[in-house]
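Heads up: the structure comes next, in structure tokens.
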Amino acid sequence: MDNKIVKVCVPCLFFFSFLFYCSLVSALTLDASFGKNGLVRTRVGHYVDKAQAVVVQPDGKILVAGSSSNNSNLDFALVRYMPDGSLDPSFHFTGQVVTIVGSGDDAALGVALQDDGKIVTCGYTFNGKDRDFALLRFTDNGELDTDFGVNGIVTLPVGSSNDVAAAVAIQSDGTIMVAGSVEEAESVEESTRKVGALVRFLPNGSLDYSFGEAGVVLVDVGSDTEIAAMAIQQDSSIVLAGSSEENGQRKVLLVRLLPDGLPDAGFGVAGVAETLEDTRESAGLGLWLQDDGNILVAGSIGLEKNQDLALFRFTREGQLTRDFGGGSGVLSYDGNGENDVGYGVFANSTTLFVTGYTTVNGLRDLILLQSPLTQTSQSQLSVVTTGISQFDGVAYALVPQGDDKIISVGFNEESGASSFVLARYTGKEVVESKAGSTDPGSPFILTAAITEITRVGCVTGGEAGLTFAGRGVVYSIAPYPVVKTVTTTSVAKATSSTDSTSTATINESATEGATSDGTGEGRYSSILSKLTPGTHYYVRAYGITSSNIIYYGTQLEFETKDACFIATAAYGSFLDPHVQILRLFRDRYLLSHEPGRVFVRLYYHYSPQVAEFIAAQPALRLIVRVILLPIVLSSYVAVNVGITGLCIVMLALLGTVVVGRNMIYLKK
């Protein structure tokens, strides 16, 4: 009898274990209701068609940008699909629009959607000699927008050779950010090298001369820098991902810039995130900002002909997440010992997804990789491929559609010709998109955008949909700040108004607090002041009813500015090694005790005016460098050896001086 039970139970146990395993690793599938078995192919031209970027409109329509060719040259291509994958006939009559920009190859690599429905694409155009940045804007029906640039087109040479715009984003004020890479000649005799570039355009397509140097900020890290992806944070900080080369090795690169284009001194080292400690070469190709502030970068790692698909995760401060990928700091996938690369990445509250390609017997196949967001082991990865082995294909971008689907876009090649390809996936993991924030806030009160961010303050506010007995803004260095008291009598009673302003009553270098912005409904503004420089804050509007019920608006984030002003003015850049040393000394020693913090606060108060004067005088900048040299040297010793080591060095120098003076005295 026992043997019979064993014979029946053991196979059942294996069967149900297998089903459980399959439910873990194969939950995502191609959505059969989309196109043909989850795939949509579109032949735009006759030869080469490549989809490079995608965005989903609020009405569910899918915009795909890339390139197409009817002859020897590529042209900008833009295609719009209905939510089910069919072409949208209201878009340029056929759902497709192809635009010739220059005399050679033109290609769209990025796409963004404005609030008014207009579509902005970026990429490159050939000017007869080399490539330039190209920026095109279309109306909602697919026509070039004649109010933008010259008949809807803007071209810009940035470097001295090939310039390629890889990503575009629309800021809250309507300005357009474009990121990419440019080539610059190191000298007349030497070859060119690549440098990252960030350009800001006004809504009409003209350069924003208030940004960087005449609208352009160069990102130069190592001996060669490439920028492949960009994202704008809620506080308007700009995050760039790509790769840089130093000492002959290419590494994944992550940079954060302040809204004015200066490096974010509170991120990594002088705005550059921590470098992966790995002997293999790596690169960043895709970017996603998580709701918790962490940053995901998709790309590759490995040898030239044996790359693995890779995903790197960084903290909001620019440090690698060490427990990611089983402790290596990188989550990687090796399909069959050939090249596997990740381009697009997306994450919701539970799961992360990466798209790209995997190579099987020399042919590339579209891939979607998924993993739990809190994974600690490589074995928790699962993979879905299109299974079309006779085609060669790559997926370049990934976007959520609604609350239960994901779309990746790229191309498939067959018999020497390629076409746009879209793949839609569905499954229980795709249950919460980025658009559905984990902090939706109350419908009765909205948090206003954060503006005018300085070292010690900012402007924000809210909009109340109810007549509140008290309202304002609450903030903290910890997520989801709350009002410390709920009694309406503790809230200052300003005159009821639909548009009022107040200032936070807070202590020096406050890490949390709340403003009191009167009563009533409508819009109001709040000025947060006396904040701590270089600190990340969370902000929510709040409203208190007469029954002491508190409603909170959506949580926003920002980071106060930080800088070593005089040193930056003298050396000309945040990225200068001398400035970095002084910053490290400040963070490690001055900010570790109250007298040091008092000195830093006084320095932040008085040094900006001095720095402005120094920056405008080249001769004075040189003098200040000489004056700062012993301070920089002392800081270098303290940072690398410690205060004890610095004291020993100072005593040794003092002893040398004393001995030298005595010897001179004896000779006399």
Side-chain angles (χ1 to χ4, degrees), residues 172 233-237 266 290-293 316-317 349 436-561:
S172 57
Q233 294 185 312
Q234 287 183 330
D235 63 357
S236 296
S237 293
Q290 292 184 215
D291 286 332
D292 60 5
R316 68 173 71 252
E317 294 81 16
S349 62
S437 171
T438 55
D439 174 34
S442 168
F444 303 123
I445 190 165
L446 302 175
T447 307
I450 301 167
T451 61
E452 300 182 32
I453 301 170
T454 67
R455 295 174 296 107
V456 293
C458 70
V459 175
T460 181
E463 183 169 359
L466 297 179
T467 301
F468 286 111
R471 62 186 188 181
V473 169
V474 61
Y475 66 93
S476 173
I477 60 173
Y480 306 107
V482 296
V483 179
K484 298 301 183 181
T485 177
V486 297
T487 57
T488 56
T489 55
S490 66
V491 180
K493 300 287 184 178
T495 57
S496 179
S497 171
T498 58
D499 197 354
S500 61
T501 303
S502 81
T503 303
T505 303
I506 53 181
N507 297 322
E508 289 287 341
S509 299
T511 56
E512 64 177 12
T515 68
S516 177
D517 299 301
T519 62
E521 61 179 336
R523 292 173 296 174
Y524 60 91
S525 298
S526 298
I527 301 174
L528 307 188
S529 61
K530 298 182 180 179
L531 304 181
T532 304
T535 303
H536 197 94
Y537 285 92
Y538 300 87
V539 174
R540 294 200 289 180
Y542 74 86
I544 304 177
T545 68
S546 57
S547 303
N548 289 333
I549 299 174
I550 302 180
Y551 294 101
Y552 292 99
T554 302
Q555 175 175 273
L556 302 181
E557 305 173 41
F558 73 99
E559 192 163 308
T560 50
K561 296 182 179 181

task = Show the numbers, then the answer: is there a side-chain contact (heavy atoms from CB on, under 4.5 Å) between Leu531 and Tyr475?
result = CA-CA 10 Å; Leu531 304 181; Tyr475 66 93; 3.7 Å; yes
message = Could you walk me through whether Phe444 and Phe468 satisfy the side-chain contact (heavy atoms from CB on, under 4.5 Å) test, starting with their C-alpha distance in whole Å, then the side-chain angles of each, then the deciding distance to 0.1 Å, before giving a yes or no?
response = CA-CA 10 Å; Phe444 303 123; Phe468 286 111; 4.3 Å; yes
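By the side chain to side chain donor-acceptor pair (under 3.5 Å) test, Ser237 is found to be paired with Asp235, residues two or more places apart in sequence or in another chain being considered. Remark: Glu557 engages Gln234, Arg316, His536, Tyr538 in a side chain to side chain contact (heavy atoms under 4.5 Å, CB included) (not counting sequence neighbours). In this structure Glu463 satisfies the side chain to side chain donor-acceptor pair (under 3.5 Å) test with no other residue, sequence neighbours excluded. With sequence neighbours excluded, the residues that form a ring-ring contact (aromatic ring centres under 6.0 Å, His included) with Phe558 are Tyr537. Scanning for side chain to side chain donor-acceptor pair (under 3.5 Å) contacts around Tyr551 gives an empty result, with sequence neighbours left out.
In this structure, Tyr542 OH and Ser516 OG are separated by 5.0 Å, a value rounded to the nearest 0.5 Å. Rounding to the nearest 0.5 Å gives a distance of 4.5 Å between CD1 of Ile550 and CD1 of Ile544. One finds the CD1 atom of Ile453 at 6.0 Å from the OG atom of Ser236 (value rounded to the nearest 0.5 Å).
The backbone N or O of Gly553 lies less than 3.5 Å from no partner atom in the side chain of Arg540, so there is not a single donor-acceptor pair. Judged by distance alone, with hydrogens and angles left aside, the side-chain atoms of Tyr552 form a donor-acceptor pair with the main-chain N or O of Val483 at under 3.5 Å. Panel note: side chain Thr460, backbone Ala448; a donor-acceptor pair is recorded below 3.5 Å. Listed for the Thr467 side chain is no donor-acceptor partner under 3.5 Å among the backbone atoms of Glu521.
Summarising the geometry of Asp517 relative to Val473, their closest heavy-atom pair is OD2-N, 3.8 Å, with the distance given to 0.1 Å. Taking all atoms of both residues into account, the shortest heavy-atom contact from Thr519 to Ala469 is CG2-O, 3.0 Å.
The side-chain heavy atoms of Gln555 and Pro481, taken from C-beta on, include a pair separated by under 4.5 Å. Within the 4.5 Å cutoff, side-chain heavy atoms of Thr515 are placed close to those of Leu528.
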